[in-house]
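All values reported here derive from a predicted model rather than from experimental measurement. Any value given below was found using the heavy atoms of this structure, including those in side chains, with hydrogens, waters and symmetry copies removed.
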Amino acid sequence: MLTEEEMKLHEEFHQCQNEEELEEFMKKVEILNESRENNEIPHLNMTLEEYCTKFNSVPYEEIRRKMNI
């Protein structure tokens, strides 16, 4: 699943019609990636129940029970 920004980049990539446009696109992506280098994904130290409560999600067991799996 792509984010909105990734979808835009994907579309832009497919619109490149020649090598120059592709090189410009790759430079743009490289600059974007450099700006993201130091962003770490935080480690979530919580139980599944805490996660479900915090992010308002449904536990996997409940989904299985509703679908009779």
Trainee: So, are Lys28 and Glu24 salt-bridged, with charged N and O less than 4.0 Å apart?
Mentor: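 No salt bridge links Lys28 with Glu24.
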Trainee: Is the His14 ring parallel, tilted or perpendicular to the His10 ring (thresholds 30°, 60°)?
Mentor: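 The rings of His14 and His10 stand perpendicular, inter-plane angle above 60°.
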Trainee: Strictly distance-based, threshold 3.5 Å: is any side-chain N or O of Glu50 a donor or acceptor partner for the main-chain N or O of Thr47?
Mentor: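 Side chain of Glu50 to backbone of Thr47, a donor-acceptor pair under 3.5 Å: yes, one is there.
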Trainee: Between Glu21 (side chain) and Gln17 (backbone), is there a donor-acceptor pair under 3.5 Å?
Mentor: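 Such a contact is found between Glu21 side chain and Gln17 backbone.
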Trainee: So which atom in Phe25 and which in Glu12 form the shortest heavy-atom distance, rounded to 0.1 Å?
Mentor: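 Nearest heavy atoms, Phe25 then Glu12: CD1-OE2, 3.8 Å.
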Trainee: Begin from the C-alpha positions of Arg65 and Glu61 and carry the test salt bridge (Lys or Arg N to Asp or Glu O under 4.0 Å) through to its verdict.
Mentor: CA-CA 6 Å; Arg65 189 172 43 247; Glu61 292 81 20; over 6 Å; no
Trainee: Can you confirm whether Glu30 sits close enough to Met26 that some side-chain heavy atom of one is under 4.5 Å from a side-chain heavy atom of the other?
Mentor: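 Sidechains of Met26 and Glu30: no contact.
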Trainee: Flag the pair Lys8 and Glu4 as a salt bridge only when some basic side-chain nitrogen lies within less than 4.0 angstrom of an acidic carboxylate oxygen.
Mentor: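 So Lys8 pairs with Glu4 through a salt bridge.
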Trainee: Indicate, with yes or no, if Leu48 and Ile63 share a hydrophobic cluster defined by side-chain heavy-atom contacts under 4.5 Å among Ile, Leu, Val, Met, Phe, Trp and Tyr.
Mentor: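 Different hydrophobic clusters.
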Trainee: Treating Ile, Leu, Val, Met, Phe, Trp and Tyr as nodes and any side-chain heavy-atom pair under 4.5 angstrom as an edge, say whether Ile31 and Leu9 lie in one connected cluster.
Mentor: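 No, separate clusters.
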